[in-house]
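What follows is a set of notes on a single structure, which appears directly below.
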Amino acid sequence: IDAALDKKLKKFIILTVIASLFHVTSLIIVLVYPLVNMKKIMSPMKFPLFILAFVIGFFGRTQISAFFKMIGGYEDYGVLDAAPWSMTILCIGCVVLGVLFDNKEKTHSQLLIISMIAASFMPLVFVNPSALRVVRYFMIANTLLVPKAFATAERMSNDDRRMWVIVKGV
């Protein structure tokens, strides 16, 4: 992820190829480079697009999982009885925290996009538990995003923080 954020394509490709030697699912991280290096990364449309991707993923999770099983040769697990709600809430919570306390830095937006990708893949875990591996590739960004969001919130007064949450929430 660091190589993608720093726009070091050669390093990013080498690290991705090395990671794919351990597990082929790591190739999905290729999505990160073009998404975090888009020109209009600060777009206010990224959160609504994330919501749309999550809803489509949640309601189409069986079909999407079948597609990935077909192209990746994954086993057929069936729908999980014990849904991974705690992990889903954690992923969405990190995204919401990142959106509420966005400090408008490019790195913050890049990490937020990676966190949104992680949360967007969460519906697939309800169908195929091995999809959690893919989610975890992207959840690494949360370890950098959440402290940035807290640092932004910490710099605000209590009144500003409340107003910020209300305005962003609307």
Side-chain angles (χ1 to χ4, degrees), residues 1 4-5 12 16 19-20 22-102 104 106-146 148-150 164-170:
I1 290 178
L5 297 178
F12 180 77
T16 303
S20 71
F22 293 100
H23 206 282
V24 73
T25 57
S26 63
L27 288 174
I28 194 98
I29 206 78
V30 170
L31 289 172
V32 169
Y33 195 87
L35 289 174
V36 300
N37 290 306
M38 292 185 307
K39 294 280 187 230
K40 298 198 179 211
I41 197 158
M42 306 295 242
S43 168
M45 286 302 294
K46 65 182 167 240
F47 190 66
L49 289 173
F50 156 70
I51 297 293
L52 181 66
F54 184 82
V55 169
I56 289 171
F58 194 80
F59 289 108
R61 64 185 182 268
T62 308
Q63 294 84 358
I64 295 169
S65 183
F67 171 74
F68 282 125
K69 288 176 196 172
M70 181 182 69
I71 64 168
Y74 293 108
E75 303 84 22
D76 190 13
Y77 286 99
V79 178
L80 288 176
D81 292 329
W85 285 108
S86 60
M87 186 71 84
T88 303
I89 291 168
L90 175 70
C91 281
I92 292 173
C94 288
V95 169
V96 169
L97 192 66
V99 169
L100 287 177
F101 298 108
D102 188 349
K104 303 298 181 207
K106 186 172 183 175
T107 306
H108 183 97
S109 291
Q110 290 170 322
L111 293 169
L112 183 57
I113 286 174
I114 297 169
S115 293
M116 287 178 178
I117 294 170
S120 296
F121 275 109
M122 273 309 294
L124 298 179
V125 178
F126 286 79
V127 178
N128 187 341
S130 67
L132 190 56
R133 177 182 294 122
V134 174
V135 172
R136 287 186 179 144
Y137 294 144
F138 297 104
M139 279 186 67
I140 293 169
N142 291 340
T143 60
L144 299 171
L145 176 68
V146 171
K148 281 183 171 292
F150 279 131
W164 186 255
V165 170
I166 290 168
V167 168
K168 285 284 195 163
V170 173

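Within the 3.5 Å criterion, the main-chain N or O of A149 finds no donor-acceptor partner in the side chain of H108.
Counting heavy atoms from C-beta on, the side chains of I92 and V95 never come closer than 4.5 Å.
Shown here for V134 and F138, the closest heavy-atom pair between the two residues is O-CD1, 3.3 Å.
Taking F59 as the reference, V55 meet the side-chain contact (heavy atoms from CB on, under 4.5 Å) condition, with sequence neighbours excluded.
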Which atom pairs, donor and acceptor, lie under 3.5 Å between side-chain atoms of residues 113-127 and protein residues at least two apart or in another chain?
| from | atom 1 | to | atom 2 | distance (Å) |
| --- | --- | --- | --- | --- |
| S115 | OG | L111 | O | 3.2 |
| S115 | OG | N142 | OD1 | 2.3 |
| S120 | OG | M116 | O | 2.8 |

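Note that CG of L145 is 11.0 Å distant from OG1 of T107, once rounded to the nearest 0.5 Å.
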